Structures are given as structure tokens and as C-alpha cells.
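Read through the structure below, which is laid out as C-alpha cells, and then see the notes.
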Amino acid sequence: LEEVDRAMPALLEAISEGEIMIATADHGNDPTTSSTDHSRERVPLIAYSPGRSGADLGTRSSFSDAGATLAALFGMETGLPGESFLSAVMGTERE
């Protein structure tokens with residue numbers, strides 16, 4: 001986590017307008033239990049695009065929403081599950 005914190009300024013600097021950085025995890029853990037098992041279905045999700053104000057992405061119904069968002073960014077129709085959050089991040093109706 002500390003390495004990611006140190007690298008974050010350079011990562012954010014490398015992102016150009018119209019691009020998105022999505023940071024997430026492959027699983028969550030409940031900090032209120034003594035177990036280290038993957039006990040939560042929800043994972044953290046942060047999406048960033050330079051020059052855009054923040055938006056609450058809410059609790060997503062599926063991890064596949066990140067994939068749907070990237071597909072929408074590139075103008076791809078996939079027919080796969082997932083609901084894009086591109087317009088919330090970019091402030092546009094590109095979807």
C-alpha cells in the first residue's frame with residue numbers, strides 16, 4: 001500500500017484528459033472479523049479522469065461494471081454483463 005501511495009502522483013500525472021484510471025481490488029476483507037478469509041463480496045473502486053469533478057459511483061451491482069465502462073470508453077459493444085459508469089466519471093453521455 002505504501003508503494004502504491006508513493007507511485008500515485010506519477011500515475012495521476014501520466015493520465016491525459018479523456019482517459020480514465022480505474023483502481024480496484026480482486027476481493028474484499030471484513031475488518032471487523034478476526035478472519036483473513038475473503039469475507040466480503042464488495043471491493044473498493046475508484047475511477048479518476050483529469051479535469052473532472054468527483055462523482056459517487058454508489059455500490060455497484062457487479063465487478064463487471066468496470067469492464068463495461070472500459071468497453072464504453074472505446075466505443076465497443078460487448079453484449080456482456082455489466083453497467084458502465086463512464087458518464088458518471090467523464091460527465092458525458094458517451095454510453
Side-chain angles (χ1 to χ4, degrees):
L1 187 57
E2 290 175 351
E3 288 181 40
V4 172
D5 284 349
R6 283 191 295 274
M8 194 56 66
L11 290 170
L12 296 177
E13 183 76 23
I15 301 169
S16 300
E17 189 171 327
E19 296 178 338
I20 297 174
M21 179 184 78
I22 297 175
T24 188
D26 66 340
H27 64 81
N29 288 92
D30 188 342
T32 65
T33 66
S34 59
S35 171
T36 59
D37 291 340
H38 302 168
S39 55
R40 283 200 177 164
E41 296 296 324
R42 296 180 181 154
V43 297
L45 171 69
I46 298 172
Y48 168 77
S49 184
R52 306 291 180 192
S53 60
D56 183 350
L57 300 178
T59 300
R60 309 305 302 181
S61 64
S62 173
F63 190 66
S64 62
D65 290 358
T69 301
L70 294 176
L73 180 65
F74 292 106
M76 298 170 58
E77 294 290 331
T78 67
L80 297 172
E83 182 180 326
S84 173
F85 49 82
L86 182 64
S87 62
V89 175
M90 300 299 285
T92 65
E93 296 301 321
R94 289 179 70 171
E95 302 178 85

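Everything numeric in this text was worked out from a predicted model, so none of it was measured.
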Got a donor-acceptor contact below 3.5 angstrom from the Arg60 side chain to the Val43 backbone?
no
With sequence neighbours left out, write down each residue that passes side-chain contact (heavy atoms from CB on, under 4.5 Å) with Pro81, or none if nothing qualifies.
Ser64
If every non-hydrogen atom of Phe85 is compared with every non-hydrogen atom of Ala47, which pair is closest and at what distance?
CE1-CB, 3.9 Å
With hydrophobic residues grouped by side-chain heavy-atom distances under 4.5 Å, do Ile46 and Phe63 end up in a single group?
no
Under the side-chain contact (heavy atoms from CB on, under 4.5 Å) test, which residues partner Ala68, sequence neighbours left out?
Ser84
Leu70: what forms a side-chain contact (heavy atoms from CB on, under 4.5 Å) with it, not counting sequence neighbours?
Ile22
Is a side-chain donor or acceptor of Arg52 paired with a backbone partner of Val89 at a separation under 3.5 angstrom?
no
Positive for side-chain contact (heavy atoms from CB on, under 4.5 Å) with Tyr48, one of Ile20, Ile15, Leu11
Ile15
Where do Leu57 and Ala88 come nearest, in terms of heavy atoms and distance?
CD2-CB, 3.8 Å
At their closest point, which heavy atom of Ser49 faces which heavy atom of Glu19, and how far apart are they?
OG-O, 2.8 Å
Are the side chains of Asp65 and Ser62 in touch, meaning some heavy atoms are under 4.5 Å apart?
yes
Grouping I, L, V, M, F, W and Y whenever their side-chain heavy atoms are under 4.5 Å apart, do Leu86 and Phe74 come out in a common cluster?
yes
Any chance CE of Met76 has more than 12 other-residue heavy atoms, nucleotides or ligands included, within less than 6.0 Å?
no
